[in-house]
2 protein chains.
Amino acid sequence: MSPRPKIGLELTYILEAAGEIADQSGMQEVTLANLAKKLNIRPPSLYNHFDGLGGLRKKLAIYGIEKLYKELADAAIGVSGTDAVLALSKAYVHFARQHPGIYEATLMAPNPEDTEVQQAGAKIVDLTVRVLQAFELRGDQALHAVRGLRSILHGFSSLEQKGGFKMALDLDESLFLVIRAFLKGMTA
Amino acid sequence: MSPRPKIGLELTYILEAAGEIADQSGMQEVTLANLAKKLNIRPPSLYNHFDGLGGLRKKLAIYGIEKLYKELADAAIGVSGTDAVLALSKAYVHFARQHPGIYEATLMAPNPEDTEVQQAGAKIVDLTVRVLQAFELRGDQALHAVRGLRSILHGFSSLEQKGGFKMALDLDESLFLVIRAFLKGMTA
DNA sequence: TATTTTAACTAATACTATTAGTTTTATCAA
DNA sequence: TTGATAAAACTAATAGTATTAGTTAAAATA
C-alpha cells in the first residue's frame, strides 16, 4: 500500500525543521530553498509533502497552533479562576518568546479562513472559554470577555516581539497587572 | 541645487501608491515590480527614492504610523477621561479596518528597533500616555496601563483582520466593553 | 551657456517558487 | 520470488523577484 520513502522524511520532521528556521531566522527565511538545504534534499522534492510554499505555511500554522494549544492546556491543569487565567497568560507569552518564528507562522496562513486552520484555532478559543467560565459572566459578556483576553494576549506578545515595549519595566508584571485589571473590570 | 525630476515622483506619492497596493492586495503584493508598474517606471528606478525593498518597507511603516497617529490625535481632541480612551480606541480599529495593508506595513519594518521607526511610534505612545493621564494612575501603574491599552488595541485589530473573531457579536461592542472593563479594573 | 544633479533607463545577475518529466526504491500482490 | 505499484527523490527548465552596474536625458544652478 505505502512504500517506504528513500530518505523517509516524516511531515512532522519537516515541520520541525521549518519551525527551527523560523525561530532562528524569522519566517521570511522559511523558503523552500532553505528548508530543502536543511533537509539535504532538492527544493522540488518538497512538493511531495505539501502543496508549495503556501501549503507549507498553512501546515506550519496548524502545527504551531496545535503546539501552542498543548502548552496552554497543560498550563491550565489543576488551576481555576484568576490563577488559571494567569497561568494561561504566562504560558501564552512564554510560548511566543521561546518560539517567535512558530508564533509568527501561526498568523501567516495563506487563508486564515481555511477550515483546518480555523479548527485548530477553535481549540484555543474553547480552552479560553472554559477558563473564563469560572467567572460566571452573563450572556454575551462571556463572549466579549474571550475576545478581550485573546486580544490582550496576542497584542502583548506581538508588541513585545516587535520591540514595542521600550520602558525598563518588567514585562510579566505588566501582563499580570493588565490581566488582573481586565478580569476585575469584567466581573465587577 | 535640486533639479526637477523628469516625471517628478514625490516620495509621498510613491508611498501613497504603495499604500494603495497594500490596502487592496496585502503587503505581500507590495513588490518593486508591482509598485513600478503602478507608477509606470522600471523597478530599478525606485532605487533613486529609497534603499531597495527593505527601505520601502521602512518608509512605508513610518508613513503608516504617522498616518495612524494623525487620526488618533484628531479623535482625542475635545474629549477626556473614558470618552477620550474610547474615541482613541474607535479611531484605532477603524484605521486598521480602512487601511488593512497600511496597518500591516506599520508592523513590517525590517528593523523595528530603527531610530526613525521608533520615533514615529513614540508619538503614539505619548498620545496614549496623555489620554490615560486623566486617570491619575500612580507610579508604574501608568506605564503598565499604557502597555495594556496598546495590547488591547493592537491585539483586537490584528485578530479582527486575521478573521479571528467568528462569533456573530458586534465587534465595536466587544471593544468598548473590554476597554471599559480594563479602565475600571486599572483604576478601581 | 556650461556644469551639476536628479532620476530615469537598459542589461545582466542571482535568487526564488514552480512545473514537467524521470529515476530510484520500498512495499504489496500474485 | 517476481512483477506491479506508489512514494519520494531527482534533473532540467521557466518565470518572477530584487539587485547592481553603467548609461542617458533633462532640469536646475552657477
Side-chain angles (χ1 to χ4, degrees), chain A residues 1-22 24-63 101 104-105 108-111 114, chain B residues 1-22 24-63 101 104-105 108-111 114:
Chain A
M1 200 78 144
S2 54
R4 190 183 294 168
K6 279 199 213 174
I7 295 185
L9 292 180
E10 290 289 329
L11 182 57
T12 303
Y13 182 74
I14 295 177
L15 293 178
E16 276 169 8
E20 282 173 22
I21 295 173
Q24 286 166 15
S25 315
M27 269 301 284
Q28 83 286 350
E29 291 299 315
V30 178
T31 63
L32 297 188
N34 282 338
L35 180 56
K37 191 173 293 175
K38 193 178 177 88
L39 295 170
N40 286 310
I41 59 176
R42 309 294 153 225
S45 305
L46 291 168
Y47 284 77
N48 291 314
H49 300 279
F50 43 75
D51 188 13
L53 186 61
L56 172 61
R57 293 218 176 108
K58 172 183 159 179
K59 284 206 186 318
L60 193 56
I62 295 168
Y63 166 82
E104 201 185 348
M108 277 190 64
N111 174 24
D114 178 276
Chain B
M1 200 75 146
S2 54
R4 189 182 295 167
K6 277 199 218 175
I7 296 186
L9 293 180
E10 291 288 330
L11 182 58
T12 303
Y13 182 74
I14 296 177
L15 294 179
E16 277 169 7
E20 282 173 23
I21 296 173
Q24 286 166 15
S25 316
M27 270 301 285
Q28 84 284 350
E29 291 299 315
V30 178
T31 63
L32 297 187
N34 282 339
L35 180 55
K37 191 172 293 174
K38 192 179 178 88
L39 296 170
N40 286 311
I41 58 174
R42 310 293 153 226
S45 306
L46 291 168
Y47 284 77
N48 290 313
H49 300 279
F50 44 75
D51 189 14
L53 186 61
L56 171 62
R57 294 218 176 108
K58 172 184 160 179
K59 286 208 186 312
L60 194 56
I62 295 168
Y63 166 82
E104 200 185 348
M108 276 190 65
N111 174 24
D114 177 276

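Here the structure is a predicted model, which means the values were calculated and not measured. Every chain is numbered from 1 and lettered A, B, ... according to where its sequence line falls, protein lines coming before strand lines. Below, each value reflects all heavy atoms present in this structure, side chains not excepted, and no hydrogens, waters or symmetry copies.
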Does B/Lys37 have any side-chain hydrogen bond (donor to acceptor under 3.5 Å, both in side chains) partners at least two apart in sequence or in another chain, and if so, which?
-> none
Answer yes or no: does a side-chain N or O of A/His49 lie under 4.0 Å from OP1 or OP2 of D/dA7?
-> no
Is there a side-chain polar atom (N or O) of B/Ser45 under 4.0 Å from OP1 or OP2 of C/dA7?
-> no
Can you check the A/Ile41 CD1 to C/dT18 C1' distance for me, whole Å?
-> 15 Å
Separation of D/dC10 atom P from A/Leu32 atom CG, nearest Å, is 14 Å
NA contact type, B/Thr31, heavy-atom cut-off 4.0 Å: base, sugar-phosphate, or nothing?
-> sugar-phosphate
Donor-acceptor pairs under 3.5 angstrom involving side-chain atoms of residues 56-63 of chain A: please list them, not counting sequence neighbours.
from	atom 1	to	atom 2	distance (Å)
A/Lys58	NZ	A/Asp114	OD2	3.1
A/Lys58	NZ	A/Glu116	OE2	3.0

Taking N or O atoms only and anything under 3.5 Å, show me the protein contacts with nucleotides 11-15 of chain C, one pair per line.
none

CG of B/Leu53 versus C1' of D/dG16: gap in Å, rounded?
-> 14 Å
Respond yes when some side-chain nitrogen or oxygen of A/Arg42 is under 4.0 Å from OP1 or OP2 of D/dT11, and no when none is.
-> yes
Given atom CZ of A/Phe50 and atom C1' of D/dA8, what is their separation to the nearest angstrom?
-> 13 Å
Go through the structure and list residues passing side-chain hydrogen bond (donor to acceptor under 3.5 Å, both in side chains) with B/Ser45, not counting sequence neighbours.
-> none
Check the distance between D/dA27's P and B/Glu10's CD and give it to me in whole angstrom.
-> 15 Å
Does the side chain of A/Tyr47 get closer than 4.0 angstrom to OP1 or OP2 of C/dT18 through an N or O atom?
-> yes
Below 4.5 Å, heavy atoms only, C-beta onward: do A/Leu35 and A/Ile21 meet side chain to side chain?
-> yes
Whole-Å gap separating P (D/dA15) and CG (B/Asn34) | 18 Å
Got a donor-acceptor pair under 3.5 Å from the side chain of A/Asn48 to the base of D/dA7?
-> no
For A/Gln28, check side-chain hydrogen bond (donor to acceptor under 3.5 Å, both in side chains) against everything at least two apart and list the hits.
-> none
Considering residues at least two apart in sequence or located in another chain, which fulfil the side-chain hydrogen bond (donor to acceptor under 3.5 Å, both in side chains) criterion with A/Glu16?
-> none
How close or far is atom P of D/dA8 from atom OH of A/Tyr13, stated in whole angstroms?
-> 16 Å
Rounded distance in Å - CD (A/Gln28) to C1' (D/dA18) | 15 Å
